[in-house]
Amino acid sequence: MTAALLSMSHSPLLDHVDPGPEVAAAVTGAFDQARSFVRDFDPDLIVNFGPDHYNGFFYELMPTVCIGYDAVSIGDYGSQAGPLNVPTETARELAGFVLDQGLDTAVSLRMEVDHGAVQPLELMFGDIAAQPVIPIFLNCVAPPFSPVQRIRLLGRAIGSFFARSDQRVLFLASGGLSHDPPVPRIATATPEQREFLLGGGRHLTAAARDERQQRVISTARDFAAGTAAIKDLAPEWDRALMDILASGDLTPLDAWTPDWMTEVAGNSSHEVRTWIAAYAALGAVGEYAVTYSFYRPIREYIAGFGVTTATLTG
Ligand SMILES: O=C(O)/C=C/c1cccc(O)c1O
Ligand SMILES: [Fe+2]
């Protein structure tokens with residue numbers, strides 16, 4: 001087999017808040033680079049590490065990890081709705097392999113995914129069903145979080161599974177980096193928010209969906225203006241993470257505790273788990289080098305916004 005990696009921040013605000021022409025052009029340029037990388041690599045299969053934002057997974061039953069045997073996008077923030085093209089048998093074999101390695105995963109026979117999983121697919125391929133994709137949900141918003149080491153080991157196990165495959169596999173990570181969007185939290189939830197987090201937020205009416213999204217959009221505008229009550233982005237933390245991922249030795253990340261990550265880089269900084277898993281997966285296949293790296297802290301997108309690509313060197 002051969003493998004490659006694309007990691008990218010996502011933001012549902014891409015089409016909703018204008019960061020100005022210079023930043024918009026820089027982000028478009030990063031997406032163009034990523035697109036041409038993916039086109040050149042020409043994957044047979046995408047292993048898509050993505051978070052969820054209380055659209056498919058809720059506190060009524062919140063897994064740490066879930067492998068989708070099938071998946072449907074709910075289409076939030078104007079993202080493409082509908083089924084993904086999931087190779088069910090490969091997903092089933094992967095889940096069995098992960099469990100056999102002594103690691104835990106839940107499985108879903110009908111995973112519901114949101115912008116966190118599909119935005120890179122749409123941006124890179126134009127259609128979420130264009131390519132075979134195995135969606136791997138990682139809990140990145142709902143404490144308690146697993147130690148980062150578990151995510152590294154999970155990624156490594158997933159990489160070893162595909163190391164014996166004859167397919168060209170793209171490990172795709174969607175999320176991060178430092179950011180703190182206004183997602184309700186169980187520790188501080190009002191009774192209505194608690195009900196939402198427990199599962200009431202599933203399949204919102206159009207009006208409720210619009211209200212939810214408008215709140216995030218207006219927070220992004222306030223954040224850019226310096227008036228939002230959310231944690232600031234943490235560019236130094238973002239760059240430190242990117243350096244460790246590029247080094248090929250991810251073990252220093254084992255010391256990153258979930259509480260520290262939240263404190264320094266925001267409640268949604270745990271989305272970097274998708275990057276850690278994807279890099280660990282690539283590292284299990286062979287030595288790698290980062291071939292492209294983009295980073296900007298972009299308040300209009302409420303995101304430390306990164307895009308990287310990596311290929312095997314051996
Ligand atoms: O609306 C949500 O639940 C999340 C929005 C958001 C905003 C900025 C960056 C992200 O990664 C997000 O998921
Ligand atoms: Fe997100």
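First listed ligand is number 1; within each ligand, the first listed atom is number 1.
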For this session: Under 2.8 Å from the Fe ion (ligand 2), which protein N, O or S atoms are there? Could you list them by chain and number?
Result: His10 NE2, His53 NE2, Glu271 OE2
For this session: Specify side chain, backbone, both or neither for Pro181, according to which of its non-hydrogen atoms lie closer than 4.0 Å to ligand 1.
Result: side chain
For this session: State plainly whether the residues Glu236 and Arg239 are in salt-bridge range, i.e. N to O under 4.0 Å.
Result: no
Exercise. Are more than 12 heavy atoms from other residues, nucleotides or ligands located less than 6.0 Å from atom CZ of Arg152?
Worked result: yes
Exercise. Are Leu84 and Leu170 connected in a single hydrophobic cluster, I mean Ile/Leu/Val/Met/Phe/Trp/Tyr linked by side-chain heavy atoms less than 4.5 Å apart?
Worked result: yes
Exercise. Quick check: does Ser11 get an N/O under 3.5 Å from an N/O on ligand 1?
Worked result: no
Problem set entry | Identity and distance of the protein heavy atom lying nearest atom 13 (O) of ligand 1 | His53 NE2, 2.7 Å
Exercise. Side chains of Glu112 and His203: do they bring a donor and an acceptor to under 3.5 Å?
Worked result: yes
For this session: Please confirm whether Pro12 comes under 4.0 Å of ligand 1, counting heavy atoms of the residue only.
Result: yes
Exercise. Is the shortest distance from a heavy atom of Gln213 to ligand 1 less than 4.0 Å?
Worked result: no
Exercise. Going by heavy atoms in the side chains, are Val141 and Ser268 under 4.5 Å from each other?
Worked result: yes
Exercise. Do the two ring centres, one from His10 and one from His53, sit under 6.0 Å apart?
Worked result: yes
Problem set entry | Presence of salt bridge, Arg168 and Asp42, under 4.0 angstrom | no
Exercise. In terms of atom number and element, which parts of ligand 1 are under 4.0 angstrom from non-hydrogen atoms of Val183?
Worked result: 3 (O)
Problem set entry | For Tyr77, the ligand 1 atoms whose distance to one of its heavy atoms is below 4.0 Å | 1 (O), 2 (C)
For this session: Please confirm whether Tyr279 and Tyr288 have ring centers closer than 6.0 angstrom.
Result: yes
For this session: Enumerate the atoms of ligand 1 whose separation from the nearest heavy atom of His179 is less than 4.0 angstrom.
Result: 9 (C), 10 (C), 11 (O)
Exercise. Identify the closest protein heavy atom to atom 3 (O) of ligand 1: which residue and atom is it, and at what distance?
Worked result: Arg212 NH2, 3.1 Å
Seminar exercise, completed: One finds that the ligand 1 atoms under 4.0 Å from a non-hydrogen atom of Val216 are 1 (O)
Problem set entry | Spacing of Arg296 atom CZ and Ser9 atom OG [to the nearest 0.5 Å] | 13.0 Å
Exercise. Say you draw a straight line from CG of Asn139 to CD1 of Ile151; how long is it, rounded to the nearest 0.5 Å?
Worked result: 8.5 Å
Seminar exercise, completed: Within the 4.0 Å heavy-atom cut-off, what Tyr301 brings close to ligand 1 is backbone
Problem set entry | Ser178 versus Asp238, side-chain donor and acceptor atoms under 3.5 Å | yes
